[in-house]
Amino acid sequence: MAREPYVSVNFSASQPGRRVSQKDIVEQLSEEIASGRLRPAMRLPPVRALEHQLGISKNTAQAAYDELVARGLLESRLRQGVFVSVPADGIPAAPVRNAAAPRLVGPDLPRPQPVRPERLELSNVFIDPELLPHAQLSDCFRSVLAVPGLHTFYDAQGHPGLREVIAERLRARGIEADPDEVIVTTGSQQALDIVARSLEHKVVATEDPVYSIARQLFLNLGCRMLPLRLDPFRRVDFDAWAEQIAEARPSLVYLITSYQNPTGYSYSTAELERLLELSERYGFALLEDDWGSDMLSCSEYRPTLRALGGRNVLYVNSFTKKLLPSLRLGYLLCSESTRDVLVAAKRVATLGNATLMEATLHEFISRGYYDAHLRRVHGLLDQRYHACLDLLRDGMPPGVRFSTPGGGPTVWLDLPRTIRIEPLRERLARRGVFIESADSHFYGEPHLNGFRIGFAFLSSERLQLGVRAVAEELVVLSAQAGAAPLQPIQIRN
Ligand SMILES: Cc1ncc(COP(=O)(O)O)c(C=O)c1O
């Protein structure tokens, strides 16, 4: 059985600069007992605890306790310790204390559910765990741990070697970057966090729909939000955007410029240029989230705002979707003039991040494992992406649309308005196929009627099972809705 904790009593020496004496202990404990601060049956500190804390001899402490036992104030129980004496009429009930609960307000997020790879999760945006280089990462981690004393401290901006290889990789993609402009973060999420908390004027525009936890983050940090409508099946309506921007005057526009989450939309070069023109005209900064780069072949060659618009564009990316989600490693590319305030924002939150993880990733990239991993993953994910498009093209009834992002981990599937997503979700769940509700990505009533398909998460066979189930349920639901029936489908095996 666990031993009962002892009460802590603070003793002071009656003679300044001297040790606490036997008399001091006797007087001060008597006073505590008389005042009721020490109650019957409370356990006192063991003699060796007093010896250790007060720097007195064991004998002094023991003699003080013996005297209080003799006076009837304490009682000594064999092998249990010394206790405040219990009166003959028993122990009075101790007051029940209940600390006040903290009053919290927080983001409107459901409790996170663990990812269960055995479930057929059709909307999961992670990469299939089967494709990850676990053995090589373990090897790098072991070799990092074997370096004696090297990683005792941390660099608040992030592991310098890792910043260097990140900058080098960005330059190879045509993005000007210096290691000193790279801040290593706990996933892209921390990059978004430190930008948002550093904004002087907290009005932020995002796409609508948007990566929902970014929106929740901005709201949580007190930002006023401006939704800019995005429809992956049309061009961006920049006239409408410009009008909204001119009125609300956001200080920051957050955009996922390639393979947008959740729609899979990628901005054309002309659209990126239009955005830069608006940034110049209305004076808002740009925060570019490149979450889906490097997952499929060719995807790293997409144009970026950062490459087209220069060093004021804040650019974030992470290793979550292409390497290992649990590494929690991402980065923010800023500029010499914005770096210090952004690093300070990171420092007040975490001081610095886990250098051992950063060093492991540095080792992994430096050994050439990352490039080899990407080459392998590109081949496999290209196949899954094309299998996904084939399944949708061949298997979905007319009236169903889907985006063709060519990168990132997801395709947006858009259904005729006669189909309601919630009943579809329920019916699919009963068959063991899970799709997400996309509502949280929208600011209000969704102007799209669909959900994400995460083609990187599932093998082609499982994806086929999932898509087949969706198609079958669509036929049933459209018949129930009394709409012109969607055609039964044939999926090629
Ligand atoms: C568009 C986008 N940006 C950023 C993040 C944050 O991811 P992480 O912090 O793992 O890099 C996510 C997560 O799903 C995302 O979808």
Side-chain angles (χ1 to χ4, degrees), residues 107 109-110 112-115 121 123-129 132 158 162 166 170 182-197 204-221 227-228 230 232 252-267 286-295 299 302 304-306 313-333 346 349-350 353-354 357-358 361 370 403 405 407-412 436-438 440-442 451-457:
L109 289 180
Q113 297 299 317
V115 175
E121 292 187 11
S123 300
N124 195 312
V125 295
F126 285 123
I127 185 169
D128 183 347
L132 302 182
L162 180 59
I166 288 172
L170 287 169
V182 175
I183 303 173
V184 182
T185 53
T186 303
S188 311
Q189 195 68 20
Q190 189 185 29
L192 305 183
D193 179 82
I194 63 181
V195 172
R197 66 179 62 240
V204 176
T206 77
E207 292 128 343
D208 175 19
V210 61
Y211 160 49
S212 58
I213 305 188
R215 174 165 158 249
Q216 290 291 348
L217 169 71
F218 292 126
L219 284 169
N220 192 233
L221 292 174
L228 303 171
L230 186 73
L252 184 80
V253 177
Y254 164 69
L255 299 162
I256 305 162
T257 47
S258 295
Y259 328 120
Q260 201 256 2
N261 184 6
T263 62
Y265 187 72
S266 293
Y267 292 70
L286 288 157
L287 174 57
E288 177 173 44
D289 183 342
D290 201 10
W291 78 311
S293 67
D294 266 352
M295 294 187 73
S299 56
R302 280 215 26 94
T304 60
L305 280 171
R306 172 74 181 204
V313 175
L314 295 161
Y315 170 95
V316 306
N317 205 331
S318 99
F319 295 89
T320 298
K321 302 296 184 298
K322 36 236 165 206
L323 186 51
L324 188 73
S326 61
L327 270 182
R328 302 301 304 128
L329 277 170
Y331 57 91
L332 169 62
L333 178 65
K346 179 184 167 191
T350 60
N353 293 355
M357 285 298 140
E358 296 178 2
L361 179 57
Y370 188 51
S403 57
T410 103
V411 162
W412 176 267
E436 69 161 13
S437 155
S440 64
H441 297 290
F442 291 85
F451 58 91
R452 297 185 297 196
I453 294 188
F455 59 81
F457 187 66

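Whatever order the structure lists ligands and atoms in, that order sets their numbers, starting from 1.
- Within the listing of ligand 1, atoms 4 (C), 8 (P), 9 (O), 11 (O) sit less than 4.0 angstrom from a heavy atom of Ser188.
- Contact analysis puts Lys321 in contact with ligand 1, with a non-hydrogen atom separation below 4.0 angstrom.
- Nearest heavy-atom pair across Ala191 and Tyr331 is CB-O, 4.2 Å.
- The nearest pair of heavy atoms linking Lys322 to Trp291 is NZ-O, 3.1 Å.
- Less than 4.0 angstrom separates some heavy atom of Asp289 from each of these atoms of ligand 1: 1 (C), 2 (C), 3 (N), 4 (C).
- Each of Val316, Leu221, Leu314 was evaluated against Leu192; a single residue qualifies, Val316, per the side-chain contact (heavy atoms from CB on, under 4.5 Å) test.
- Residue-level proximity to ligand 1 for Gln190 is absent, since no heavy atom of it falls below 4.0 angstrom.
- Counting atoms of ligand 1 from 1 in the listed order, those under 4.0 Å from a heavy atom of Ile256 are 1 (C).
- Which of Phe126, Tyr331, Tyr211 comes nearest to atom 12 (C) of ligand 1 through a heavy atom is settled by distance: it is Tyr211.
- In this structure, of Arg328, Gln189, His441, the residue bringing a heavy atom nearest to atom 10 (O) of ligand 1 is Arg328.
- Atoms of ligand 1 lying under 4.0 Å from any heavy atom of Asn261, numbered from 1 in the order shown and given with element: 1 (C), 15 (C), 16 (O).
- Residue Thr320 has at least one heavy-atom neighbour below 4.0 Å for each of these atoms of ligand 1: 8 (P), 10 (O), 11 (O).
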